[in-house]
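Lettering follows sequence order; numbering is per chain, from 1.
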Number of protein chains: 2
Amino acid sequence: MKELATLKDIARETGFSVTTVSRALNGYFDVSEGTRTKIEQTAKRLGYSPNIIARSLVTKQSKTIGFIVTDLKRESIKDNFMYETLCGVSDTLASTTYEFVVLSTSTAKQKNKTYRQICAERQLDGVVIQGLKIEDPYLIEAMDSDTPCVLIDIPIEGEKAAYVTSNQFESAKQAVKYLRRMGHEKIAYMNGSEHAHVSQIRKKAYEEALRETGVELDPALVVNGDFEEEMARRAALHLLLNRSDVSAFFCASDVMALGVMQAAKELGIQIPKDLSVIGFDNILLSRYITPKLTTISQQPYEMGSAAAEMLIQLIEGHDGERQIELKNELILRESTSNR
Amino acid sequence: MKELATLKDIARETGFSVTTVSRALNGYFDVSEGTRTKIEQTAKRLGYSPNIIARSLVTKQSKTIGFIVTDLKRESIKDNFMYETLCGVSDTLASTTYEFVVLSTSTAKQKNKTYRQICAERQLDGVVIQGLKIEDPYLIEAMDSDTPCVLIDIPIEGEKAAYVTSNQFESAKQAVKYLRRMGHEKIAYMNGSEHAHVSQIRKKAYEEALRETGVELDPALVVNGDFEEEMARRAALHLLLNRSDVSAFFCASDVMALGVMQAAKELGIQIPKDLSVIGFDNILLSRYITPKLTTISQQPYEMGSAAAEMLIQLIEGHDGERQIELKNELILRESTSNR
DNA sequence: TCGATTTGCCAAAACGTTTTGAGTAGGAAG
DNA sequence: CTTCCTACTCAAAACGTTTTGGCAAATCGA
């Protein structure tokens with residue numbers, strides 16, 4: 001299997017110079033129609049395809065964007081958040097000339113290789129970042145880096161940094177207020193990892209919703225499941241054992257809601273009769289379990305897709321929106337009822 | 001934000017030549033200890049990181065492997081096959097110097113850009129291919145291409161081509177024979193897309209299992225759901241309406257089994273009392289629905305991980321296994337019972 | 001007719017590496 | 001005093017593109 005044809009090969013074959021061949025193939029106007037078709041034909045005949053690497057070296061554009069994700073792990077098949085955003089990114093990139101490389105990182109790894117290095121090494125044209133923790137070094141770096149980037153679910157803007165998120169705050173408040181309207185007063189909150197921006201904002205929403213509906217905040221009702229089912233189960237078990245007055249649970253993720261439901265089951269607490277539960281994410285499972293989970297739907301696919309689009313705008317220097325907010329929606333199902 | 005430092009910068013700074021700097025940084029032995037440390041220090045001080053693109057151009061190694069997947073689409077959040085293999089690939093690649101770019105293709109796209117071009121353009125060091133149809137052009141190309149590749153679930157070998165698969169045939173037979181042992185005789189088979197290799201092999205297994213247990217093949221009992229829930233539902237509906245003697249369904253995927261179960265429900269047919277159902281894949285959902293689905297488990301994560309490992313062996317010229325077969329397992333749950 | 005413009009083409013430099021082949025200096029061996 | 005190693009260093013070429021500046025011929029304007 002021989003090597004792929006180069007510009008030089010075409011030049012030799014047609015008798016023109018490398019320069020002319022290059023310009024012909026790139027649609028410049030200073031090459032006559034005749035030579036252009038001749039060159040194009042031999043290019044086709046030889047199966048020529050430009051060497052993106054060589055091109056990148058001189059143009060400084062790799063036509064590659066990085067999809068940086070923290071802890072790409074198989075456990076997240078339950079919520080498919082990362083996978084769906086990836087699909088969104090992939091789909092919109094498919095109609096462009098860009099391709100994307102998946103870069104899985106972690107807080108530990110970020111100490112070995114700086115964000116700058118990651119971008120520079122492969123001369124990434126742009127970056128989509130998802131799942132970063134608030135205090136991750138990459139966050140500050142990304143903010144005032146030279147290479148365009150768009151953050152998912154972390155509302156930070158910079159010279160070349162944009163973000164896409166959703167109306168987390170409002171929708172979370174809406175969920176809590178819904179519980180209040182159903183007559184619940186002792187509403188527990190299962191928070192996710194403290195290091196995630198979404199956790200902070202959802203928690204704040206929970207607090208504000210209670211305040212606005214005239215309920216005093218009880219710190220004991222706020223527990224943490226770190227976005228994990230098992231941890232949530234244990235935390236819920238502990239809380240429900242000690243506080244029989246809790247009649248509703250708002251969870252920062254569906255996966256944790258699963259843990260809460262499991263805990264309730266173990267204690268013989270019936271959902272929704274004895275305990276109402278609301279999740280967050282609208283994962284696939286949420287409408288298959290019994291009782292079906294009331295939850296807040298997000299649109300990860302659309303987020304990925306919007307992120308990619310915005311990134312390309314950024315890369316190509318068009319100015320436009322620097323922030324996008326998608327709409328979440330409260331989906332009422334069977335896990336909630338009147339007090 | 002200034003550009004990243006280059007070898008030239010370090011050379012200027014230290015007074016050595018670019019050659020020496022390069023060799024020092026790459027650990028050659030013909031550079032004295034003194035200069036090496038001096039060079040290393042300034043490299044660190046300037047935040048030097050090699051430009052992989054430039055390096056690739058001369059070494060012909062991009063340190064990038066391609067993950068070619070057909071029709072990366074959000075629908076597959078139900079079976080997470082593709083996502084899990086991706087995690088497997090990502091995890092084993094994480095401990096190497098390779099990175100991977102996701103290349104989503106389709107039968108249509110394969111007409112525009114040949115496999116060779118895809119590999120050559122980005123000078124991919126190797127490729128993992130998943131989800132290819134049997135008659136896809138890429139298959140033949142990959143088989144005798146120069147760039148190493150590992151196919152997932154398509155047992156084809158080549159000079160530089162290897163594959164990883166599972167004991168599909170045996171495990172499918174085992175499932176059908178299990179139904180036979182439970183006394184079922186009229187066993188329907190819901191096949192997946194004809195173009196998928198796994199469909200063909202699972203169908204053959206179904207036929208052979210019946211033959212070996214002395215049941216005459218009834219072509220009318222073989223229907224096709226194209227790996228889609230809705231199509232499977234319709235096909236099952238049609239079959240179950242006309243053939244009340246069918247007492248069991250073996251499905252080439254869990255997602256299609258979901259469709260079958262839905263059809264049964266619509267017809268008032270109870271599972272497993274009136275109809276036994278076995279799926280394939282052991283998707284997350286399969287143990288959450290009621291009744292819990294009896295199915296065959298696969299190990300997509302391990303497949304991806306094994307594929308990546310084998311690919312690197314191939315790339316680096318070590319010879320070793322060219323084919324890997326993982327073990328599937330029949331998982332008995334609640335959707336099957338005696339006739 | 002002559003100068004000016006346009007058209008079509010090209011040589012050479014550049015991008016940041018690695019690799020090759022050769023060179024220098026110093027010491028050891030004869 | 002040569003000759004030969006050894007240890008270290010480097011200039012130059014190469015990888016496959018794009019870009020710059022310019023050159024020759026053809027066309028145009030007067």
**OP:** Please tell me which of the listed nucleotides, dC10(D), dT18(D), dG16(C), lies nearest to the side chain of Ala54(B)?
**Re:** dG16(C)
Subject >> OP1 or OP2 of dC9(C) under 4.0 Å from side-chain N/O of Thr35(A) >> reply: yes
Original post:
Starting at CG of Asn51(B) and ending at C1' of dC15(D), how long is that distance when rounded to a whole Å?
Top reply: 13 Å
Original post:
Between CD of Gln130(B) and CG of Leu72(B), what distance do you get to the nearest 0.5 Å?
Top reply: 9.5 Å
Original post:
Using a cut-off of less than 4.0 Å, is there contact between a side-chain N or O of Ser56(B) and OP1 or OP2 of dC15(D)?
Top reply: no
**OP:** Ignoring backbone atoms, test whether Lys60(A) places a side-chain nitrogen or oxygen under 4.0 Å from the OP1 or OP2 oxygen of dT18(D).
**Re:** no
Subject >> Interatomic distance, Leu25(A) CG vs dC9(C) P [rounded to whole Å] >> reply: 14 Å
**OP:** Could you tell me whether the phosphate oxygens of dT9(D), OP1 or OP2, come under 4.0 Å of any side-chain nitrogen or oxygen in Ser17(B)?
**Re:** no
**OP:** Report the C-alpha separation of Gln41(A) and Arg45(A) in whole Å, then their side-chain angles, then the decisive distance to 0.1 Å, and conclude whether the side-chain contact (heavy atoms from CB on, under 4.5 Å) test is met.
**Re:** CA-CA 6 Å; Gln41(A) 278 169 9; Arg45(A) 182 162 55 78; over 6 Å; no
Original post:
Between dC15(D), dT20(C), dT17(C), which one does the side chain of Arg23(B) approach most closely?
Top reply: dT20(C)
Original post:
Think Ser32(A) has a side-chain N or O under 4.0 angstrom from the OP1 or OP2 of dG8(C)?
Top reply: no
**OP:** Return the value, rounded to whole Å, for the distance between atom CD of Glu33(B) and atom P of dT6(D).
**Re:** 20 Å
**OP:** Would you kindly give the CZ-to-P distance between Phe16(A) and dA24(D), to the nearest whole Å?
**Re:** 19 Å
Original post:
With a non-hydrogen cut-off below 4.0 angstrom, is Ser22(A) in contact with a base, only sugar-phosphate, or nothing?
Top reply: base
Original post:
Does a side-chain N or O from Asn26(B) land closer than 4.0 Å to OP1 or OP2 of dT18(C), or not?
Top reply: yes
Original post:
Can a salt bridge be assigned to the pair Asp30(A) and Arg23(A) using a cut-off of 4.0 Å between side-chain N and carboxylate O?
Top reply: yes
Subject >> Residues Asp9(B) and Arg12(B) bridged, charged N to O under 4.0 Å >> reply: yes
Original post:
Should the pair Asp125(B)-Lys63(B) be classified as a salt bridge under the 4.0 Å nitrogen-to-oxygen rule?
Top reply: no
Subject >> Side-chain N,O (Thr19(B)) to OP1/OP2 (dC10(D)) below 4.0 Å >> reply: no
Original post:
So what does Gly34(A) touch, heavy atoms closer than 4.0 Å: a base, only the sugar-phosphate, or nothing?
Top reply: nothing
Subject >> dC8(D) OP1/OP2 closer than 4.0 Å to side-chain N/O of Tyr28(B) >> reply: no
**OP:** Starting from P on dC15(D), measure out to CZ on Arg122(B) and report it in whole angstrom.
**Re:** 22 Å
Original post:
For the pair made of CZ in Arg55(B) and C1' in dT17(C), what is the distance, rounded to whole Å?
Top reply: 8 Å
Original post:
Which whole-number value in Å describes the distance from Leu4(A) CG to dC15(D) P?
Top reply: 15 Å
Subject >> Closest contact, heavy atoms only, Met303(A) versus Ser166(A) >> reply: CE-N, 3.7 Å
Original post:
Taking for each residue the nucleotide of DNA chain D bearing the nearest heavy atom, is the 5' side occupied by Val58(B) or by Val31(B)?
Top reply: Val31(B)
Original post:
How would you label the contact of Thr59(B) with the nucleic acid (heavy atoms, under 4.0 Å): base, sugar-phosphate, or nothing?
Top reply: sugar-phosphate
Original post:
Side-chain donor or acceptor of Asp30(B) under 3.5 Å from a matching atom on the base of dC8(D)?
Top reply: no
Subject >> Value in whole Å for how far the P atom of dG16(C) lies from CD1 of Ile53(B) >> reply: 11 Å
